[in-house]
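Handing you this structure, nothing more for now.
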2 protein chains.
Amino acid sequence: MGSAVAERLEGRAVDKVAQRRSELAAAALKTLSELGYARTSLRDIAANSEFSHGVLHYYFRDKVDLITHCVREYKAQCVTRYDQVVATASSASELAAGFLDKLTETLVQESALHRLWYDLRGQSMFEESFRADVAEIDLSLERMIWRVLSRYAELAGVPLDLTPPTAYAVFDGLFLQALLRQLAGDPDAARDLRSAVAAVIGRLVPAA
Amino acid sequence: MGSAVAERLEGRAVDKVAQRRSELAAAALKTLSELGYARTSLRDIAANSEFSHGVLHYYFRDKVDLITHCVREYKAQCVTRYDQVVATASSASELAAGFLDKLTETLVQESALHRLWYDLRGQSMFEESFRADVAEIDLSLERMIWRVLSRYAELAGVPLDLTPPTAYAVFDGLFLQALLRQLAGDPDAARDLRSAVAAVIGRLVPAA
DNA sequence: GACTTTCCTTGACACTCGTCCAGAACGGTG
DNA sequence: CACCGTTCTGGACGAGTGTCAAGGAAAGTC
């Protein structure tokens, strides 16, 4: 006993493997967000890590497995973005302000990562193998937006007769447009996103 | 005189060239909408035409030139989609109904083409060379939506205090979500798009 | 220190890609 | 028919791809 296999089974060394997988996935995420799905090769990813390209097939079955892993890591870091704001805000306007701050902040600072998400979601329209993972993440993003919005309505003391997919689609559309402008170098992208989202919230939540 | 070069200059035979270019662009559009940008090769495109792969470099400088040409053809067929409805509708509700009909119709019947548009727009976030063309088309789509919405407000006799980019982003977000669901095989995608858009119009246009 | 397992590198493979080109096929003019 | 410019073919090229396997390096065990 005491073999590495046994260690894996009892979950000690397996963490080491998981850590390296995570390390490589981070390099992949970085590369993908810079180059996009269509132009990223496994050698590019390895070049952004401290290993050679062969190691990727040691930790991942194939390219799809790697990218799937990436996308899950992305989700984890993404889906809780506004939870802090939702938990601490004590008024509707405070929640709105915190939400808008985070929204515009991530638009500017993580624009590369966001474009990767939209890229991969687009790929899922063509490639069956991504569809399930993308749909799952999309759903969790929808729920994230819904938590913000329903809490906002609650704080404002008004009912919210909107369906979660609709609310998500609206904000996603606004964010995507702002991202396109941001990446095109438009310096007003964040500012206009802020005012557009504020305006739409004012319309969608009755009498707020 | 009478040479082909002269004919080109006086714009007769040039139409023949333009026609073939258009023919090849149509094959490219078909292929791209089926496979997506990342997985479409020039040989795939040629296979969907009646020519061999070599001819593409006779009529197009390179792949980017071809795809750019494609995208322009797409625009032409796309941007006037609701103009008929706008021109003939004599009441706000009639306009809304006609718009929703066209919207859901194109969602179902041209879903492949729409996903290509979103794919290419996504590529433009990474690839500089697409950016200008994509931005131009996006703007013309924005204007298309704006024509519908401003005419709607006019017929309803209410002011429309919304910015065109915001209105476009909202509807685009809703349509994109519906497209994702449609392509994933959701049979309710069109129905839900219809009701979501109707609901949002009701919110964005005051007292309509 | 020998031995074993784990980890990683290197180079090769079969393949696809965009691009280019020599020349065949075509079509109209003399 | 001979000629010539235009149009198209099919193969070649070099570069780049995902995948894999043989073996070296490192780490751990006795």
Side-chain angles (χ1 to χ4, degrees), chain A residues 1-25 27-28 31-32 35-70 123 126-127 129-130, chain B residues 1-25 27-28 31-32 34-70 123 127 129-130:
Chain A
M1 312 314 120
S3 78
V5 173
E7 284 185 52
R8 287 198 180 207
L9 289 178
E10 58 187 88
R12 267 199 307 147
V14 84
D15 289 350
K16 204 130 195 247
V17 170
Q19 188 181 341
R20 175 109 325 156
R21 281 170 65 95
S22 182
E23 194 178 343
L24 292 169
T31 313
L32 283 163
L35 301 179
Y37 172 79
R39 281 163 296 284
T40 298
S41 73
L42 294 180
R43 286 169 177 81
D44 292 328
I45 293 171
N48 266 337
S49 77
E50 48 179 349
F51 304 101
S52 72
H53 72 273
V55 84
L56 290 170
H57 276 84
Y58 186 80
Y59 288 99
F60 299 96
R61 200 182 326 111
D62 54 18
K63 197 183 182 185
V64 170
D65 186 29
L66 168 60
I67 292 185
T68 298
H69 204 83
C70 281
Q123 295 310 313
F126 296 95
E127 200 153 339
S129 51
F130 287 167
Chain B
M1 314 307 135
S3 78
V5 173
E7 287 186 50
R8 286 196 182 209
L9 289 178
E10 58 187 270
R12 267 201 304 147
V14 84
D15 290 349
K16 204 132 194 239
V17 169
Q19 189 181 340
R20 175 110 326 154
R21 280 170 67 95
S22 183
E23 193 179 343
L24 292 170
T31 313
L32 284 162
E34 283 167 0
L35 301 179
Y37 172 80
R39 280 163 295 286
T40 299
S41 72
L42 294 180
R43 287 168 176 81
D44 292 327
I45 293 172
N48 265 337
S49 78
E50 49 178 347
F51 303 101
S52 75
H53 71 275
V55 83
L56 290 169
H57 276 84
Y58 186 80
Y59 288 99
F60 299 95
R61 200 182 327 110
D62 54 17
K63 197 184 181 184
V64 170
D65 185 29
L66 169 59
I67 291 184
T68 298
H69 203 85
C70 280
Q123 296 309 313
E127 201 152 339
S129 51
F130 287 166

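Just so it is clear: chains get the letters A, B, ... in the order the sequence lines come, proteins before strands, and each one is counted from 1.
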Please answer whether the main-chain N or O of B/Y37 pairs with a side-chain N or O of B/T40 as donor and acceptor at a distance below 3.5 Å. no

B/H57 side chain, from C-beta outward: closest of C/dC7, D/dT6, C/dG18: C/dG18

Rounded to whole Å, please give me the gap between OH in B/Y58 and P in C/dC26. 16 Å

Is the shortest side-chain N/O distance from B/S41 to OP1 or OP2 of C/dT16 below 4.0 Å? no

In terms of side-chain heavy atoms of A/V55, which of D/dG18, C/dT9, C/dC20 is nearest? C/dT9

Atom CD of B/E50 to atom P of D/dT7: distance rounded to whole Å? 15 Å

From D/dG18, C/dG18, D/dT17, pick the nucleotide closest to the side chain of A/D44? D/dT17

For the side chain of A/K63, starting at C-beta, report the closest nucleotide among D/dG18, C/dG18, C/dC7. D/dG18

Side chain of A/R43, base of D/dT19: donor and acceptor closer than 3.5 Å? yes

Please examine the side chains of B/Q123 and A/R39, heavy atoms only from C-beta on, and report whether any two atoms are closer than 4.5 Å. yes

May I ask you to test the A/Y59-A/E23 pair for a side-chain heavy-atom distance under 4.5 Å? no

Assign B/F60 to base, sugar-phosphate, or nothing according to its heavy-atom contacts below 4.0 angstrom with the strands shown. nothing

In whole Å, what is the span from the OH atom of A/Y37 to the C1' atom of D/dT17? 12 Å

Quiz item: cation-pi between B/K63 and B/F130, 6.0 Å / 45°: no

Taking D/dG18, C/dT19, C/dT9 as options, the one with an atom nearest any side-chain atom of A/S52 is C/dT9

Sorted by position of nearest nucleotide on DNA chain D, 5' first, the leading residue of A/R39 and A/G54 is A/R39

Roughly how many Å is it from CZ in B/F51 to P in D/dT6, rounded to a whole number? 18 Å

Taking only the side-chain heavy atoms of A/H53 (C-beta and beyond), determine which of D/dG18, C/dG11, C/dC17 contains the nearest atom. C/dG11

Figure out the NZ/C1' separation between A/K16 and D/dA26, and round it to whole Å. 11 Å

In whole angstrom, what separates A/D65's CG from D/dG18's P? 14 Å

Assess the side chains of B/D65 and B/T68: does a donor N or O sit below 3.5 Å from an acceptor N or O? no

In whole angstrom, give the distance that lies between atom CZ of B/R61 and atom C1' of C/dC20. 16 Å

Toward the 5' end of DNA chain C, by each residue's nearest nucleotide, A/L56 or B/D62: A/L56

Could you state the OH-P distance from B/Y59 to C/dC20, rounded to the nearest angstrom? 18 Å

